[in-house]
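Presented below is the structure to which this report refers.
Sequence positions, counted from 1, serve as the residue numbers for this chain. Computed from a predicted structure; not experimentally measured.
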Amino acid sequence: MAKKTDSDNDNGIIRQFNELKKKHPDAMLLFRRNSFYELYKQDAVKAATVLAIEIADRMLPDYKRPVKVASFPQSALDIYLPRLIRSGIRVAICDALDSPLKKTGQDKAENNDRTIKNNTDMGKKKKEQGVQEAPDRTVENTVDVKPAREKKSKAKAETKAETGTDNEVKTEKKDEQKTEAAQQRKPRKPQMVTANGEKVTHGHAYQSTTNPADWYFTAKIDGQQLKPQKMDASDLAAYQNKEMTVPQLMERYYPTKLMPKVSEEAFRMPMEIAGPDGSITVNKFNVYKEKDEQRPDFGKYKFYVQVGDTNMSAVASRQDLNAYFDRVATPNQLIEKNFGERLHLKSAYEKYQLPEGVDPKGVRVTKDRNDNKWKVSVDLGEKGQTSRHEISFDDGYSLFKTKTATREQIAAKYLNTEITGMLAANTAKVEKSASMKM
């Protein structure tokens with residue numbers, strides 16, 4: 001005869017636990033029993049570690065061996081459930097079902113009750129059939145059937161009318177209570193007010209349901225829900241430890257929402273901007289999504305500008321897109337930032353500066369005789385010499401034709417990363433030789 005396994009004896013809660021665990025092996029199962037939540041076997045061990053609750057070996061009615069059980073009151077669910085979720089555990093709450101043996105006993109008891117009731121009803125019916133009245137009295141009673149029916153129908157109609165009136169009264173009372181509750185409800189106090197007077201509420205962090213490792217921050221501005229932003233781990237830890245406030249998170253993830261808005265007049269076209277040879281007329285400026293699948297920037301949002309007969313486009317950064325849609329940057333500023341070098345604007349090259357300590361006299365912009373292209377390089381003296389980097393037509397035009405860019409700015413644009421690396425390597429070499437001498 002085959003030996004029975006533990007699964008053969010699982011007739012109650014443990015059977016339910018094993019079946020659900022097979023379907024959801026990565027979930028922690030919380031079984032609701034009476035006024036407690038219970039966890040079994042490996043779930044109990046894990047929960048005891050995370051929640052710091054007691055664990056014990058208990059004998060369950062439908063199981064022959066001791067089982068590890070951890071439990072806590074239902075009133076503590078709001079405390080323990082967030083802790084489990086924050087630990088990266090997926091939790092499933094289950095209702096314990098009665099065992100098949102108990103259920104069979106209950107069904108038998110119900111069937112017995114029904115049999116007894118049916119026998120009693122049959123006895124009553126036989127007695128009523130035995131005590132029938134004489135035919136004469138039956139004929140006499142038929143005369144009063146119609147009036148009796150009319151009385152019953154009137155009574156029913158009156159009852160329905162009264163019921164309808166009561167329902168209307170109840171509905172009116174509920175509406176009055178809702179109105180009073182709405183009047184008594186105070187508006188939510190804003191967590192901060194922006195420079196434009198807009199109220200920030202409902203700022204909070206929440207965990208992703210699809211990927212528990214990801215957390216998002218979101219808020220409402222004047223009742224409008226903002227698009228959730230994925231949080232950095234350091235920001236999340238600071239927020240959970242109350243070291244970072246909602247206003248700080250707003251500045252971190254929604255900076256343009258807090259900036260002062262520019263006037264709508266600044267967006268009227270055409271407009272004039274200062275160019276290298278006088279004012280430049282901008283006829284159109286907007287945002288569009290690239291739909292050409294053959295382009296490398298397919299699907300990205302781009303700025304489009306029309307200056308005279310020239311049409312230009314450039315991929316827009318997320319920060320610039322937010323500034324455009326939130327109306328906190330003028331088209332003039334965005335054009336200068338994204339198209340300034342192509343328009344040969346002097347202000348576009350001011351951001352390029354050589355690292356401190358680099359002699360500007362070492363900058364060389366020459367034409368390569370091999371490929372007939374203009375290239376820039378920097379001689380750092382004892383620290384070495386950079387490679388020769390080709391410059392674009394627009395940069396060459398700004399350098400030689402409009403004079404809106406300097407040699408140092410061109411060198412900084414193309415070679416700053418290489419120069420910084422060479423300076424760092426030379427510093428490390430000097431420190432190493434100094435330490436060897438000591």
Using atom types as modelled, flag every donor-acceptor pair under 3.5 Å from a side chain in residues 44-60 to any protein atom, sequence neighbours excluded.
{"unit_1": "T49", "atom_1": "OG1", "unit_2": "V45", "atom_2": "O", "d": "3.0"}
{"unit_1": "D57", "atom_1": "OD1", "unit_2": "K68", "atom_2": "NZ", "d": "3.4"}
{"unit_1": "R58", "atom_1": "NH2", "unit_2": "E38", "atom_2": "OE2", "d": "3.3"}

Residue pairs passing the ring-ring contact (aromatic ring centres under 6.0 Å, His included) test with at least one member in residues 260-299, sequence neighbours excluded, are F285-F303, F285-Y324

Exceeds 12 heavy-atom contacts within 6.0 angstrom, atom CZ of F72: yes

Indicate whether the side chain of Q191 and that of T201 have a donor and an acceptor atom separated by less than 3.5 Å. no

Check whether any side-chain heavy atom of R407 sits under 4.5 Å from a side-chain heavy atom of V376, and report yes or no. no

Report the relative orientation of the aromatic rings in Y206 and Y216; use parallel for angles under 30°, tilted for 30 to 60°, perpendicular for over 60°. parallel

From CA spacing to verdict: side-chain hydrogen bond (donor to acceptor under 3.5 Å, both in side chains), S398, E341: CA-CA 8 Å; S398 298; E341 295 175 14; over 6 Å; no

How about F325 and V287: do any of their side-chain heavy atoms sit closer than 4.5 Å? yes

Under 3.5 Å, is there a donor-acceptor pair linking the side chains of E336 and S347? yes

Verdict with supporting geometry, E350 and K346, salt bridge (charged side-chain N to carboxylate O under 4.0 Å, His left out): CA-CA 7 Å; E350 292 175 351; K346 185 177 181 179; 5.8 Å; no

Name each donor-acceptor pair under 3.5 Å that joins a side chain in residues 356-364 to protein atoms two or more places apart or in another chain, with its distance.
{"unit_1": "D359", "atom_1": "OD1", "unit_2": "K361", "atom_2": "N", "d": "3.1"}
{"unit_1": "R364", "atom_1": "NH1", "unit_2": "K361", "atom_2": "O", "d": "2.6"}

Indicate whether any N or O donor in one side chain lies under 3.5 Å from an N or O acceptor in the other, for N311 and K284. no

Could you go through Y254 and D326, starting from their C-alpha distance and side-chain angles, then the distance that decides it, and tell me whether this counts as side-chain hydrogen bond (donor to acceptor under 3.5 Å, both in side chains)? CA-CA 10 Å; Y254 302 101; D326 291 332; over 6 Å; no

Worked verdict on S208 versus N211 for side-chain hydrogen bond (donor to acceptor under 3.5 Å, both in side chains): CA-CA 5 Å; S208 170; N211 188 3; over 6 Å; no

Would you call the rings of Y40 and F17 parallel, tilted or perpendicular, taking 30° and 60° as the class edges? perpendicular

Is it the case that the ring center of W374 lies less than 6.0 angstrom away from the ring center of F400? yes

Taking only Lys NZ, Arg NE, NH1 and NH2, and the carboxylate oxygens of Asp or Glu, determine whether E19 and R15 approach each other closer than 4.0 Å. yes

